[in-house]
Amino acid sequence: ELLNQNVPNLPPGTNAAWKIMLSYCGSCYRFVGDSYGERLRIIKEDWAVVQKASSKKEDKEEKEGDGDGEKKEKEEGEGEEEEEDNRDAGAETFSFGRMCAFSNEVMGQKTEGWMLELLQVFNVLVDMISSPVHLQEECDLLAINLITKSQSIDFEKFKPVMLAALRSLLPKQWSTLHENAWEWLWTTVARNLNESTMKVRAFKPFNVKLFRNLTEDHLNRFRVDIFTAFFAKSQASQDLFKQSQSRLRYIADRVLQSSSDMFQKNKDETLDDLSALGLRHVGYGIPTELFGPFVSSAIEKIRELTNVPEQEEAFRWSLGLISRVLCRTITEGSTLVMRAINANCAKLVRKAVSNAPRGQRAEWMLRVQVGTQSISPLLWSIQSGSLEAGEAILTDLLTIRADRDHYYYAMDALFNRHPDIVRRICQDGPELLPTLFDGLIWRSRQTQNGMRRVNYFIKYMIVDAKNEFSESFRDVVVNGDPVAACHPSVILSADILWSRLASYTFLTSKLWFLLNLLV
């Protein structure tokens, strides 16, 4: 109907052709949803049971290490309950990795190095099975480590090991549907890993030769031409690259270095570096749409510096993988709070955290986690000069909230996450010191005899999380701001330190002087 309304004078047979095509597409979507959706559901449920059983085993081992007497009491008093819990879960208290190692021994084959590497990230592969793009990315990264463990890898060896381990861990749930689902998972993963390992083995020597043959003249040309081509393709990027020529040359060098490191360094180390870089891009507010033109520009300039197509293809593969990792990091790390900080708008910050549960509200403002790397929205707002957003975050963190069961006050979370928060504020945003110190004071709304109750939360001005002397008070003194030093929170902290610690030491050290003075 929409086609007939918006496109007049259609040729004969157009409606029938569109009906056939849409019916075919709808049938395909339905088939994929019914078949693969059921497989994904089974895999998700099975893996949750396996992970739960593994965590129970770890908790039990930790409790057993506390003491023999305590262990015996638990075995006598709670042994039956734990056994019943394991039966209900349908899984033995063995981890998936241990059961795979046991299955290998039963089958009479050795657990090879690539299998151990695979088991370390198997949970990630299971989680990514519903996202083909992310699964391919993880397989590409894993292949970098796998080729260093073995010269020839037969991924079909792991299939019976995996299925035998899952049958043992899921005796009650296991059926033909579960068998087919997990076979499909490993077929998909093995196909991706085969392609990735073949590419890494083929591209690695060409990548090494490429950077070995680049001269200083080649590098200088690349440093200049890459940004010329990039700015021609994306004029909006010029507003983001306002640094000096030295900084732009450094960025170009880091592009080449990252491409080389992708084949030379360990996957975990490379992924940590890329995650940290991606989170910095989140703080700078870099849009992911710019990665495509930038990568294309870099590949074009490398093509001009080499006549070997394989070297260009190796560079293209490594740089493409780097851009995918960075784009995923930016997408996952671009939370509502980080966007509000980039806009430096207190209203947007309050709106961003208004949807957060009270128990997670502080976490939204203190940590953005991607992989093993994290960034603090609060600290980033202070370092980037978004002080309006930083003030809104500090005010929100140090506001007391409550529900029917709990009070919520994020002072502990703030100082545990940033023990040096006072020094950071003194260095990058001293205007926020009054906001921080005001948040450490609670004043009652009710008065009695012309007075009202005031609570001071100055624990971390005196001691840190390890109950050692806090550096926060020293940072205030070093800052040398008389307004901050005269704040009631700082004055009370100084009085407590003087009356309960420093005064006795000071008078003791001056006692001999006083005696001489009297004589």
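- With hydrogens and angles disregarded, a donor-acceptor distance shorter than 3.5 Å links the side chain of Asn416 to the backbone of Asp412.
- Other residues, nucleotides and ligands place no more than 12 heavy atoms under 6.0 Å from the CZ atom of Phe102.
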Given salt bridge (Lys or Arg N to Asp or Glu O under 4.0 Å), test Glu45 with Arg41 step by step and report yes or no. CA-CA 6 Å; Glu45 293 177 355; Arg41 183 189 64 79; 2.9 Å; yes
Val255 and Ile322: CA distance, side-chain angles, deciding distance, side-chain contact (heavy atoms from CB on, under 4.5 Å) verdict: CA-CA 9 Å; Val255 171; Ile322 291 171; over 6 Å; no
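- For the atom pair OG1 of Thr270 and CG of Asp261, the computed distance is 6.0 Å after rounding to the nearest 0.5 Å.
- Atom NZ of Lys204 is surrounded by more than 12 heavy atoms from other residues, nucleotides or ligands within 6.0 Å.
- No option in Arg367, Arg417, His418 other than His418 meets the side-chain hydrogen bond (donor to acceptor under 3.5 Å, both in side chains) test with Ser376.
- When all heavy atoms of Met99 and Ser168 are compared, the closest pair comes out as SD-CB, 3.9 Å.
- Two residues are said to be in side-chain contact when any heavy atoms from C-beta on lie closer than 4.5 Å; Ile153 and Leu193 fail this criterion.
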side-chain contact (heavy atoms from CB on, under 4.5 Å), that's the test. Do Val337 and Val368 meet it? Break it down for me. CA-CA 9 Å; Val337 177; Val368 174; over 6 Å; no
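- Checked by atom type and distance alone, the side chain of Ser260 never pairs as donor or acceptor with a backbone atom of Gln257 at under 3.5 Å.
- Of all heavy-atom pairs between His178 and Ser175, the closest is CD2-OG, 3.0 Å.
- A heavy-atom distance below 4.5 Å is found between the side chains of Phe294 and Ile226.
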Test log, rule side-chain contact (heavy atoms from CB on, under 4.5 Å), inputs Thr306 and Phe315: CA-CA 11 Å; Thr306 177; Phe315 182 78; over 6 Å; no
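- Taking the centre and axis of the six-membered ring of Tyr250, the NZ or CZ atom of Arg247 falls outside the cone set by 45° and 6.0 Å.
- Separating the CD1 atom in Ile341 from the OG atom in Ser381 is a distance of 4.5 Å, to the nearest 0.5 Å.
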Evaluate Thr335 against Trp364 for side-chain contact (heavy atoms from CB on, under 4.5 Å), listing each step before the verdict. CA-CA 9 Å; Thr335 62; Trp364 282 30; over 6 Å; no
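- The backbone N or O of Asp396 sits less than 3.5 Å from a side-chain atom of Arg401, completing a donor-acceptor pair.
- Going from atom NZ of Lys301 over to atom OG1 of Thr228 covers 7.5 Å, rounded to the nearest 0.5 Å.
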Could you walk me through whether Thr111 and Glu105 pass the side-chain hydrogen bond (donor to acceptor under 3.5 Å, both in side chains) test, one step at a time? CA-CA 8 Å; Thr111 303; Glu105 293 181 1; over 6 Å; no
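- Atom CE of Met198 sits in a sparse spot, with 12 or fewer heavy atoms from other residues, nucleotides or ligands closer than 6.0 Å.
- Between Val121 and Leu141, every side-chain heavy-atom pair lies at or beyond the 4.5 Å cut-off.
- Taken from NZ in Lys199 to CH2 in Trp317, the straight-line distance is 8.0 Å, to the nearest 0.5 Å.
- Annotation: side chain of Tyr36 is not in contact with side chain of Ile129 (no heavy-atom distance under 4.5 Å).
- In terms of heavy-atom proximity, Asn207 sits nearest to Ala314 at N-CB, 4.1 Å.
- If you take CG on Leu326 and CD1 on Ile286, they are separated by 11.0 Å, rounding to the nearest 0.5 Å.
- Within the 4.5 Å cutoff, side-chain heavy atoms of Arg324 are placed close to those of Gln136.
- Contact of the Val208 side chain with the Gln264 side chain is registered, since non-hydrogen atoms from C-beta on lie closer than 4.5 Å.
- A donor-acceptor distance shorter than 3.5 angstrom exists from the side chain of Thr148 to the backbone of Asn145, with no hydrogens or angles considered.
- Closest approach of Ile147 to Thr197, counting heavy atoms only: CG2-O, 4.1 Å.
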Taking it one step at a time, do Glu312 and Arg316 satisfy salt bridge (Lys or Arg N to Asp or Glu O under 4.0 Å)? CA-CA 6 Å; Glu312 177 193 340; Arg316 181 196 303 273; 3.0 Å; yes
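- Note that the CD1 atom of Ile144 and the CD atom of Glu269 stand 12.0 Å from one another [nearest 0.5 Å].
- Listed by first and then second residue, the ring pair (Phe, Tyr, Trp, His ring centres under 6.0 Å) pairs involving residues 105-132 are Trp47-Phe122, Phe96-Phe122, Trp114-Phe155, Phe122-Phe158 (not counting sequence neighbours).
- For Ile42 against Ala181, the heavy-atom pair with the smallest separation is CG2-CB, 4.2 Å.
- Counting heavy atoms of neighbouring residues, nucleotides and ligands inside a 6.0 Å radius, atom CG of Asn307 does not exceed 12 of them.
- For Lys351, the NZ atom is loosely surrounded, since the number of other residues' heavy atoms within 6.0 Å does not exceed 12.
- The minimum heavy-atom distance linking Asn192 with Cys139 is given by the pair CB-SG, 3.6 Å.
- The shortest side-chain heavy-atom distance between Thr329 and Leu274 does not fall under the 4.5 Å cut-off.
- With Asn104 contributing its side chain and Lys110 its backbone, the two residues share no donor-acceptor pair below 3.5 Å.
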Would Asp154 and Lys159 count as a salt bridge (Lys or Arg N to Asp or Glu O under 4.0 Å) here? Give the steps. CA-CA 10 Å; Asp154 184 6; Lys159 180 178 177 180; over 6 Å; no
